[in-house]
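The structure under discussion appears below in the form of structure tokens.
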Number of protein chains: 2
Amino acid sequence: MANRPRGDAPPAGAAFLLPQLGAHAADRFAERIAPLGLAPRHVGLLRWISHNSATTQRDVATAFGVRPSRIVVLLDELEELGLVRREVDPADRRNRAVRLTTQGRRALTRVGQAFLTHQNDLLSALTSSEQATLATLLARVAEQQGLSAGVHPAYRDDHASGHP
Amino acid sequence: MANRPRGDAPPAGAAFLLPQLGAHAADRFAERIAPLGLAPRHVGLLRWISHNSATTQRDVATAFGVRPSRIVVLLDELEELGLVRREVDPADRRNRAVRLTTQGRRALTRVGQAFLTHQNDLLSALTSSEQATLATLLARVAEQQGLSAGVHPAYRDDHASGHP
DNA sequence: TATTGTTATACTCTATAACTATA
DNA sequence: TATAGTTATAGAGTATAACAATA
């Protein structure tokens, strides 16, 4: 697929390679978890829920910096797969306590395995010490650019601040 | 925007950072060229046209591995901006010879400047020798993963092979 | 009949805003 | 009235397929 346009010396710097490789990595990972019925956008959410049992949807939305209605859709999909449960909070019936099901926990384990396989394959061109160097350099760039460490690009949102 | 979900030790390996930083880099570059009326998906096309004057749209589609109708839309946008011209080939009136206008050449220059600024900012956390190391490592990963050097992720397509 | 380019249609993902129910 | 969650609507971007013009 996609031959290289001939007759054009392409830039080979990191700034050009990053979007290319980033999209590639995301695609490969997506392929690996697709059989589980999951997409990358679900993974961060699953992880969050597994670590913050019974959070409210509002909390999730705030934590990821997205609108509540976005969370609704994602949770619908996860609930459809039986990986997540919404329970009305008896104390304040407006709140939903979101929890992982047993299936959800199992799915998260499989996602973790898929990620390790993916990682191995993606970086197989490099020795482990080179992989570490790469990770360090990327982490420094990420930090300087103000990227928060745990947030997957799938949760980008424009609403950022203020009024809905 | 998008706080880091608390209580969760995030993976910090290259495989996790790549999609995150790749998306970030793409977004930042997109912001820089947006004032020109351009998006990342236009850039590779502009560059191709500048190096292969009077190509046919079919050739472009083949080179980028996308369907011809995709090229139509992109060229419509570039023509709208006055950066590109389609000329009917008198020899075979089915073909359109695509050329950069003077404005198109100027735009491409500005895009190049924008890219340099972008690159400087994006990698400012690293020394130049570290930037070179990063580029080398990324290039090796890209090559092993079968990524062709000149193709921007904006041109990904699923049709890959065979029959339309 | 085969090929180039175009148009029309549909689908995915997400953002925005209106709405319901609780409080 | 204010807040949690939901539903409805709309928009961007792209894939797919039907189509017209030309060969």
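These numbers come from the heavy atoms of this one structure, side chains and all, not from hydrogens, waters or symmetry mates. Order of the sequence lines fixes the chain letters, A, B, ..., with proteins taken first and strands second; residue numbering starts at 1 for each chain.
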field: Degree of bending in the helix from C/dT1-D/dA23 to C/dA23-D/dT1 once both end axes are built from five pairs, to 10°
entry: 40°
[X] side chain N/O closer than 4.0 Å to the phosphate oxygens (OP1, OP2) of [N]?
X: B/R86; N: C/dT6; value: yes
X: A/R58; N: D/dT3; value: no
X: A/R67; N: C/dA15; value: no

task: At under 4.0 Å between heavy atoms, which parts of nucleotides 18-23 of chain C does protein reach? Answer with one letter per nucleotide, 5' to 3': B base, S sugar-phosphate only, - none.
output: ----BS
message: Given the structure, check if the side chain of B/S69 and the base of D/dT14 hold any donor-acceptor pair shorter than 3.5 Å.
response: no
For residues 113-123 of chain A, tabulate all N or O donor-acceptor pairs below 3.5 Å that involve a side-chain atom, not counting sequence neighbours.
{"unit_1": "A/T117", "atom_1": "OG1", "unit_2": "A/Q113", "atom_2": "O", "d": "2.9"}
{"unit_1": "A/D121", "atom_1": "OD1", "unit_2": "B/Q145", "atom_2": "NE2", "d": "3.4"}

- request: Not counting sequence neighbours, list each pair that qualifies as a salt bridge (charged side-chain N to carboxylate O under 4.0 Å, His left out) and has a residue in residues 102-118 of chain A.
  value: none
task: May I ask you to say whether B/R140 pairs ionically with B/E143, meaning some side-chain N is under 4.0 Å from a carboxylate O?
output: no
- request: Write down the distance between CG (A/L74) and C1' (D/dG5), rounded to a whole number of angstrom.
  value: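 From A/L74 CG to D/dG5 C1': 14 Å.
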- request: Take A/R70 and A/R41 through the side chain to side chain contact (heavy atoms under 4.5 Å, CB included) test and state the conclusion after the steps.
  value: CA-CA 11 Å; A/R70 179 102 178 78; A/R41 70 194 120 97; 3.9 Å; yes
query: How would you list, by chain and number, every residue that makes a side-chain hydrogen bond (donor to acceptor under 3.5 Å, both in side chains) with A/R85, sequence neighbours excluded?
result: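 A/R85: side-chain hydrogen bond (donor to acceptor under 3.5 Å, both in side chains) contacts with A/E87.
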field: side-chain hydrogen bond (donor to acceptor under 3.5 Å, both in side chains) partners of B/D89, counting only residues at least two apart
entry: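 If we apply the side-chain hydrogen bond (donor to acceptor under 3.5 Å, both in side chains) test to B/D89, skipping adjacent residues, there are no hits.
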